[in-house]
Amino acid sequence: GDVNLDNFINDRNYQISQTEDTIELNGSDSKQIDFVLKDENGLEVVKSFVFRADSYLTDLSVKAARSGQPIPNTKLLIGASIGDQAIVHHNYYHIEPEAVALVNGETERYYGSAFTYNNNQAVKTFNGVTDWVGVGDTYFAMAAIPTQPAQSTDFRATTYEIQVEPFYSGVFAWLGGTKTDKLTKHLISTYIPVAADGTPTKIYTGSKDYFTLNQYDKSLGETVGRNIGLDNLINWGWTGSFTKPIAIPLLRALNFIYGFVGNYGSAIIIFTLIFYSLFFPLRWYQSKSFKKAQANAPKMQEVQAKIKDMQKKGVPMDDPRMRELQMEQLRMMKGAIPLGGCLPLLLQMPLFIALYVAVTISLDFRQASFLWLPDLSAGDPWHLLEFLFAGSMAGSMILTPTTPAVTPEQQMQQKMMMYLMPAMMLFVMWGAPAGLLLYWFFGNIVSFIQQFIINRLNKTNEPPPTEEVVTPVGKKAKPKLSTS
């Protein structure tokens with residue numbers, strides 16, 4: 001566009017229709033405020049905002065004309081610095097504001113670090129039917145929904161570096177006492193074409209809570225006459241196709257429990273207890289299978305050695321002797337194959353990811369305190385939960401039976417998993433939301449207790465060992481003879 005015109009429109013002071021410094025709206029009140037700019041060359045720009053006390057939606061109308069003719073290629077800018085200003089250090093769990101748009105029915109999403117910069121500036125253009133554009137962070141967003149879909153949108157970003165108070169950037173920095181005092185940050189904005197004839201554009205400014213977005217999505221769809229899909233402001237992640245259907249009822253369940261206990265930390269603990277209790281029968285069956293596999297391990301090794309020895313001698317697989325050994329293997333494997341070994345963990349992973357999404361999108365978790373934790377949506381300021389989580393994972397792994405290690409290599413792999421897995425998870429979960437760590441830590445505690453009970457039950461159900469009594473015969477013993 002015209003750079004001089006852009007600078008004039010955006011840098012000049014506008015006349016405001018409202019003279020009061022403070023405007024207070026209550027109930028269903030609404031208020032229109034006009035911003036007017038004119039010059040001596042026939043340029044006139046009017047920006048009209050309609051605010052409502054009971055809604056996150058604002059109507060924005062733009063009239064931009066020069067000598068009575070509408071100015072073409074007018075674009076509305078959303079951003080930058082939209083989001084939670086209380087977050088100083090952004091990371092994987094607390095993202096910087098991102099640019100989002102619904103183009104051709106698909107969600108386009110760009111973080112600041114995803115752009116390719118030239119002199120600290122970047123532009124990404126998307127062509128196609130654009131239903132809305134927005135900028136948002138973890139919990140809050142602003143989005144523009146035009147009456148008619150636009151045909152393109154631009155994402156723009158600026159990167160810069162700032163000095164901050166020294167902080168630890170991760171677990172290794174914390175352990176090594178190395179602090180960082182610089183941060184690379186990004187300013188993200190989106191541009192969408194709008195009509196300059198006074199046609200209103202809906203502006204959503206509010207939380208990214210799913211139930212709130214779903215409510216406004218329905219009302220906006222009725223207003224503009226098309227499906228909006230505003231809940232796509234939420235980043236459901238690459239697993240969104242199965243995470244979203246789990247996260248929504250999960251949120252409902254946590255809110256239901258919260259209605260009784262009045263604290264989201266307690267609600268997470270109660271939910272975890274209920275969820276893990278459902279898996280107790282499966283864990284018990286799994287443990288029995290492992291026990292039987294461990295008992296059969298020596299004989300299984302012996303059979304495998306015989307099979308290998310016969311293979312070296314050239315005995316074919318359809319030989320009756322080979323078939324008998326294979327049948328013996330199958331008999332030992334019956335009831336000893338721990339098919340449920342990874343099943344509890346596999347079933348928990350979608351829930352774990354869904355819970356992470358739920359904690360990071362539900363405004364109710366933000367600034368919800370529990371014990372020493374001031375905010376369940378943020379990391380533990382003392383990092384106690386990270387170490388409790390890793391320690392409880394190690395304890396649970398030590399107590400849980402594993403598949404019998406047949407070779408020294410397998411034994412080494414099991415030891416490495418037992419010690420390296422908690423250390424690796426400590427690194428991955430460092431700085432994770434406290435609500436997520438609370439779920440996993442308490443889940444490990446419940447698993448630990450369940451496994452202790454299962455081990456006692458399995459020990460009780462074990463048959464008593466059979467003893468073989470042999471009557472010794474003396475070396476000098478002689479048979480007794482009788483002549484009678």
Note, [X] side chain near [Y] side chain (heavy atom, < 4.5 Å):
X	Y	answer
His186	Tyr111	no
Ile270	Phe442	no
Ile162	Tyr160	yes
Leu220	Leu57	yes
Leu385	Leu373	yes
Val135	Glu98	no
Leu5	Arg66	yes
Ile268	Leu254	yes

Report task. Go through the steps for Ile78 and Ile192 under the test side chain to side chain contact (heavy atoms under 4.5 Å, CB included), then give the verdict. Result -> CA-CA 8 Å; Ile78 299 294; Ile192 186 170; 5.6 Å; no
Distance check, rounded to the nearest 0.5 Å: [X] atom [atom1] versus [Y] atom [atom2]?
X	Y	atom1	atom2	value
Asn235	Lys208	CG	NZ	7.0 Å
Asp231	Phe211	CG	CZ	11.5 Å
Thr153	Gln151	OG1	CD	11.5 Å
Thr158	Lys185	OG1	NZ	13.5 Å
Lys202	Ile228	NZ	CD1	11.0 Å
Tyr439	Asn444	OH	CG	9.5 Å

Using modelled atom types only, decide if a donor and an acceptor are shared between the side chain of [X] and the backbone of [Y] within a distance under 3.5 Å.
X	Y	value
Asn255	Arg252	no
Asp137	Pro97	no
Asp217	Gly229	yes
Arg109	Asn232	yes
Ser277	Leu273	yes
Arg226	Asp131	yes
Ser55	Arg52	no
Ser30	Ser28	no

Report task. Not counting sequence neighbours, list each pair that qualifies as a ring-ring contact (aromatic ring centres under 6.0 Å, His included) and has a residue in residues 18-45. Result ->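 Found Phe35-Phe49.
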Check this for me: [X], atom [atom1], are more than 12 non-hydrogen atoms of other residues, nucleotides or ligands nearer than 6.0 Å?
X	atom1	result
Asn7	CG	yes
Glu161	CD	yes
Asp11	CG	yes
Glu106	CD	no
Glu24	CD	no

**Report entry** Qualifying residues under side-chain hydrogen bond (donor to acceptor under 3.5 Å, both in side chains), relative to Ser48, sequence neighbours excluded
**Finding:**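 side-chain hydrogen bond (donor to acceptor under 3.5 Å, both in side chains) check on Ser48 returns Asp34.
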Query raised in the report: So Tyr210 and Trp236, would you call those rings parallel, tilted or perpendicular, with 30° and 60° as cut-offs?
Result: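 Rings of Tyr210 and Trp236: perpendicular, as their planes differ by over 60°.
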Nearest non-hydrogen partners of [X] and [Y], listed with the distance:
X	Y	result
Ala196	Thr74	CB-OG1, 3.6 Å
Gly27	Asp54	O-CB, 3.5 Å
Asn263	Gly265	OD1-N, 2.8 Å
Ile445	Ser392	CD1-CB, 4.2 Å
Gly68	Ala65	C-CB, 4.2 Å
Gly112	Ile188	CA-CD1, 3.6 Å

Donor-acceptor side-chain pairing of [X] and [Y] below 3.5 angstrom:
X	Y	result
Ser207	Asp209	no
Asp380	Trp372	yes
Asp154	Thr125	yes

Does the separation of the ring centres of [X] and [Y] fall below 6.0 angstrom?
X	Y	value
Phe256	Phe260	yes
Phe370	Tyr264	no
Tyr191	Phe155	no

Report task. Could you walk me through whether Val36 and Val45 pass side chain to side chain contact (heavy atoms under 4.5 Å, CB included), step by step? Result -> CA-CA 6 Å; Val36 181; Val45 179; over 6 Å; no
**Report entry** Carboxylate-amine/guanidinium contact Asp39 Arg12, below 4.0 Å
**Finding:**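 Answer for the salt bridge query: no.
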Query raised in the report: Could you walk me through whether Trp132 and Leu102 pass the side chain to side chain contact (heavy atoms under 4.5 Å, CB included) check?
Result: CA-CA 6 Å; Trp132 53 263; Leu102 192 67; 3.6 Å; yes
Requested in this report: Would you please name every residue forming a salt bridge (charged side-chain N to carboxylate O under 4.0 Å, His left out) with Lys47, sequence neighbours left out?
Outcome: none
Query raised in the report: Ile33 and Ile23: side chain to side chain contact (heavy atoms under 4.5 Å, CB included), yes or no, with the steps?
Result: CA-CA 10 Å; Ile33 302 177; Ile23 301 173; 3.4 Å; yes
